[in-house]
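A quick write-up on the structure given underneath.
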Protein chains: 2
Amino acid sequence: MNDAVEGDGPHKGSASLSSSQQDYLKQIFLLNDTARGATTQLLAERIGVRPASVTGMLKRLAEEGLVERAPYRAVHLTETGRRIAVEIVRHHRLLEAFLSQTLGYRWDEVHEEAEALEHVISERFEQKVAELLADPDRDPHGDPIPTRELALEEDQHLRTLALLPKGSRGTIRRVTLQDQDALNLVERLDLLPGRTIEVAGTHPDGISLLAAGSRFLVPALLAAHLLVDVAPHPSSAPPKKREGAGRPVAHEQ
Amino acid sequence: MNDAVEGDGPHKGSASLSSSQQDYLKQIFLLNDTARGATTQLLAERIGVRPASVTGMLKRLAEEGLVERAPYRAVHLTETGRRIAVEIVRHHRLLEAFLSQTLGYRWDEVHEEAEALEHVISERFEQKVAELLADPDRDPHGDPIPTRELALEEDQHLRTLALLPKGSRGTIRRVTLQDQDALNLVERLDLLPGRTIEVAGTHPDGISLLAAGSRFLVPALLAAHLLVDVAPHPSSAPPKKREGAGRPVAHEQ
DNA sequence: AAAAAAAGTTAGCCGATCCTAATCGAGCTC
DNA sequence: GAGCTCGATTAGGATCGGCTAACTTTTTTT
Ligand SMILES: [Mn+2]
Ligand SMILES: [Mn+2]
Ligand SMILES: [Mn+2]
Ligand SMILES: [Mn+2]
């Protein structure tokens, strides 16, 4: 069977690739600026297949000039591959914003639907949605939406909550999680993008937080995935030395 | 590869079938209340595959209890198969209404996009769109949208423009075409659903029409696909004997 | 009713994507 | 630096949904 959508256009657009290929490219892209890089195993986990399948697909993608790889090494995207990957990330995040804002999806419901739709919508759909939402630059999780020209803003000033010293204050801007349970917890704790918080203390198993008057513990695993826009520290509270393991933050979408 | 979406639920919902299987069921449904029925050849044409592929797929669908067939005969849907088919028709038409009304797609752009999206949206998406549009009962082509409970209104009072006698007046309600060129022509002639028309004369090669002041010829092939809500004939103009071949009207979606 | 035409089916094949089991290699441990 | 361990690859196979070519059945024509 040929899952690939028609339209083997001149520019090798994402439209000529199967959903599966698109997912591989997207995950390679998302893992690329991560500590370990896009390894066979991580890709297998993210995509939900066995490592052997990843090896097979990477070979095919390499043949098509979308990735560059050396056996036993992490893969990298070619420029063409990267363009397609970013295109899909744009679809995904734009769709999440759309589902949330226009269709009234709950915060934790958007991801799954976008995961399937991202491969199917046309450029026209993308365009119309972008218009309708007036070119949003963030999805509901705070992830930046690549522009129409596929430029992707980097969140250089954001810092992982897990690494903030006691006394830090700031605003949660991104939640880089996709696990349903984790998302539900974030919602129950009201730690959605926009929420202002203050670090009340650090512990080996998490971060004690002050937000909206109450104080509670954010598990370390969760804190590693909350990116905070740190407020310029008030002169009265000098920054403390940070602590906690610098576990790499893996983004989804 | 396994194209089928997960979710092998208890009720054998459409979600456990591949897009391909869904398209077969849909086309069988649409051809079923047609003169020739769902034959291998017609299915092959509609779906865009070779007849041999249709035979193969029908066997698989029969094994799964979705169709009943006897070799060399037209296929029929089982009750399960029908339910799934109608579900997909609902998705398709609801999506067309949505693309048109919410995203501002042009009349002739909606079909193709809906063709792909129909297999991918969740029940939640369907639900939210139906809410947003306040349960529309027609898509932009005038095709009835099955209800949430999958009831499908029949257009018994509508008649094919091709068969109307001279002097008939009425309102175009449905355009059962999907060919892009044909759709464009319909739009140029301004024969969209809602347009009031009067038959000025019948010819072997088409129907002469009075609409919005101007008079023009509608090719027979087109006229066969325009369904008209005929106005009660004014007492002064007695109905004439009809003429023209009773070519079966094949619907898409 | 025989022959021709059209429609449908079968057989054999292919490519895409997944799997398991077995093997191989890279990089850390001692 | 010899192993050991874990990650990666290869080999072989399954399934799905297409295709072509050849054959069979039905339908139409003569
Ligand atoms: Mn996806
Ligand atoms: Mn997101
Ligand atoms: Mn379809
Ligand atoms: Mn329609």
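So that the names make sense, note that chain A is the first sequence line, chain B the second, and so on, each numbered from 1. From a predicted model like this one, the values you see are computed outputs, not experimental measurements.
In this model, the phosphate group of D:dG17 is approached by a side-chain N or O of B:S18 to a distance below 4.0 Å at OP1 or OP2. Distances shown here put a side-chain N or O of A:T55 below 4.0 Å from the OP1 or OP2 atom of D:dT9. Residue B:Y24 places none of its side-chain N or O atoms closer than 4.0 Å to OP1 or OP2 of D:dC16. Proximity of A:R69 to the phosphate of D:dT9: a side-chain N or O atom is located under 4.0 Å from OP1 or OP2. For the pair B:R50 and D:dT20, the criterion of a side-chain N or O lying under 4.0 Å from OP1 or OP2 is met. The side chain of A:S53 contributes an N or O atom lying less than 4.0 Å from OP1 or OP2 of C:dC19.
With rounding to whole Å, A:Y72 atom OH is found 14 Å from D:dG7 atom P.
Comparing B:K59 and A:M57 by the nucleotide of DNA chain C whose heavy atom lies nearest to each, the residue mapping closer to the 5' end is B:K59.
For B:R50, there are no salt bridge (charged side-chain N to carboxylate O under 4.0 Å, His left out) partners two or more places apart in sequence or in a different chain. In this view, B:R106 and B:D108, B:E109 satisfy the salt bridge (charged side-chain N to carboxylate O under 4.0 Å, His left out) rule, not counting sequence neighbours.
At a threshold of 4.0 angstrom between heavy atoms, the contacts of A:R73 are confined to the sugar-phosphate backbone, with no base atom among them.
Between A:L152 and A:R93, some side-chain heavy-atom pair lies under the 4.5 Å cut-off.
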